[in-house]
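Inspection log for the structure reproduced underneath, given as structure tokens.
Keep in mind the model is a prediction, meaning the values are calculated, not measured. Heads up: numbering here begins at 1 and tracks the sequence.
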Amino acid sequence: MGALSWKGLHHVAIFTRDMEESLRFYGEVLGFKVTERFYDEGEKADIAFLDLGNTLLEIIAPSDDEWSHSSSFHIALQVEDASKTFAALRAKGIPVVLPLTETHGFRYAYFAGPMQETLEIVEPPKKP
């Protein structure tokens with residue numbers, strides 16, 4: 001298996017119990033613009049992305065009170081090919097938190113870091 005290839009930081013995500021209050025704070029108070037908002041069936045969560053200029057902030061509001069991640073945030077690293085990167089990370093024995101998934105053209109998966117922090121690999125939709 002070849003070396004892993006990273007394209008950079010795609011976004012940082014935080015979890016919230018109140019999406020509207022979080023959007024009010026980050027949107028109205030701090031001035032970040034909402035670029036996308038949708039319900040993700042795979043994660044069973046209301047999700048919003050806000051533009052910070054050089055990266056994105058993802059706000060996740062889980063709909064299931066029992067749903068939890070190993071941490072209340074994650075760091076998403078952009079990759080060229082999510083399938084190849086997913087296979088390479090699994091081959092290295094890195095624990096999978098969420099298997100390879102596709103939503104709104106994004107292909108992504110979550111892995112656990114050494115302290116149970118959540119790391120995401122993400123392949124954005126290809127631009128025409």
Side-chain angles (χ1 to χ4, degrees):
M1 187 100 355
L4 294 169
S5 176
W6 307 104
K7 296 188 68 79
L9 181 66
H10 185 268
H11 67 269
V12 174
I14 59 171
F15 289 76
T16 183
R17 294 193 186 280
D18 186 336
M19 177 63 84
E20 299 313 316
E21 179 61 21
S22 292
L23 289 177
R24 187 195 70 71
F25 177 76
Y26 289 102
E28 295 174 23
V29 176
L30 297 185
F32 301 154
K33 181 182 174 206
V34 175
T35 61
E36 189 172 11
R37 184 173 178 185
F38 57 90
Y39 185 82
D40 186 316
E41 286 293 336
E43 295 190 51
K44 299 202 179 333
D46 186 13
I47 295 179
F49 281 94
L50 292 87
D51 186 358
L52 278 68
N54 61 348
T55 192
L56 296 170
L57 173 65
E58 178 183 21
I59 302 174
I60 303 172
S63 59
D64 182 353
D65 290 337
E66 300 302 314
W67 184 89
S68 67
H69 264 273
S70 57
S71 62
S72 60
F73 73 96
H74 69 255
I75 298 169
L77 303 168
Q78 187 170 334
V79 298
E80 184 70 35
D81 187 322
S83 295
K84 286 182 182 177
T85 305
F86 181 80
L89 293 172
R90 287 199 63 189
K92 291 178 179 287
I94 299 174
V96 175
V97 175
L98 179 72
L100 195 57
T101 304
E102 185 167 340
T103 301
H104 294 271
F106 286 86
R107 299 180 70 225
Y108 59 93
Y110 292 164
F111 290 86
M115 299 297 131
Q116 299 309 302
E117 67 273 23
T118 303
L119 302 172
E120 177 184 4
I121 58 167
V122 61
E123 176 189 337
K126 304 287 188 237
K127 295 184 181 182

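- A donor-acceptor contact closer than 3.5 angstrom is absent between the side chains of Y110 and T101.
- A 4.5 Å side-chain heavy-atom check between I59 and L23 finds at least one atom pair inside the cut-off.
- In terms of heavy atoms, S22 sits closest to T16 at OG-OG1, 2.7 Å.
- Distance OG1/T103 to OH/Y39: 11.5 Å, rounded to 0.5 Å.
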From CA spacing to verdict: salt bridge (Lys or Arg N to Asp or Glu O under 4.0 Å), R37, E58
CA-CA 10 Å; R37 184 173 178 185; E58 178 183 21; over 6 Å; no
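- Heavy-atom neighbours of K126 NZ from other residues, nucleotides or ligands within 6.0 Å: above the threshold of 12.
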Steps toward side chain to side chain contact (heavy atoms under 4.5 Å, CB included) verdict (L9, Q78)
CA-CA 6 Å; L9 181 66; Q78 187 170 334; over 6 Å; no
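- D40 has its side chain out of reach of K44: every pair of non-hydrogen atoms, C-beta onward, lies at least 4.5 Å apart.
- You'll find the side chain of V79 stays beyond 4.5 Å of the side chain of V122, heavy atoms only.
- Annotation: side chain of L57 is in contact with side chain of I14 (closest heavy-atom distance under 4.5 Å).
- Taking OG of S5 as the start and CD of E80 as the end, the distance is 7.5 Å to the nearest 0.5 Å.
- A side-chain N or O of E120 and one of H11 form a donor-acceptor pair less than 3.5 Å apart.
- Between F49 atom CZ and I60 atom CD1 the span is 7.5 Å, to the nearest 0.5 Å.
- Annotation: side chain of Y108 is not in contact with side chain of E123 (no heavy-atom distance under 4.5 Å).
- With hydrophobic clusters built from ILVMFWY side chains whose heavy atoms lie under 4.5 angstrom apart, V12 shares a cluster with W6.
- Taking CD of E102 as the start and NE2 of H104 as the end, the distance is 10.5 Å to the nearest 0.5 Å.
- Inter-residue side-chain proximity for V97 and F111 is flagged as unmet; no heavy-atom pair is nearer than 4.5 Å.
- Counting heavy atoms from C-beta outward, H10 and T55 have side chains that stay 4.5 Å or more apart.
- Taking CD1 of I121 as the reference point, atom CG of L100 lies at 6.5 Å (rounded to 0.5 Å).
- Closest non-hydrogen pair, L56 versus D51, comes out as CD2-CA, 3.9 Å.
- Contact annotation: the side chain of L4 approaches that of L89 to within less than 4.5 Å [non-hydrogen atoms, C-beta and beyond].
- Between A48 and M19, the closest heavy-atom pair is N-CE, 3.9 Å.
- Here the shortest heavy-atom pairing between F86 and A109 reads CD1-CB, 3.6 Å.
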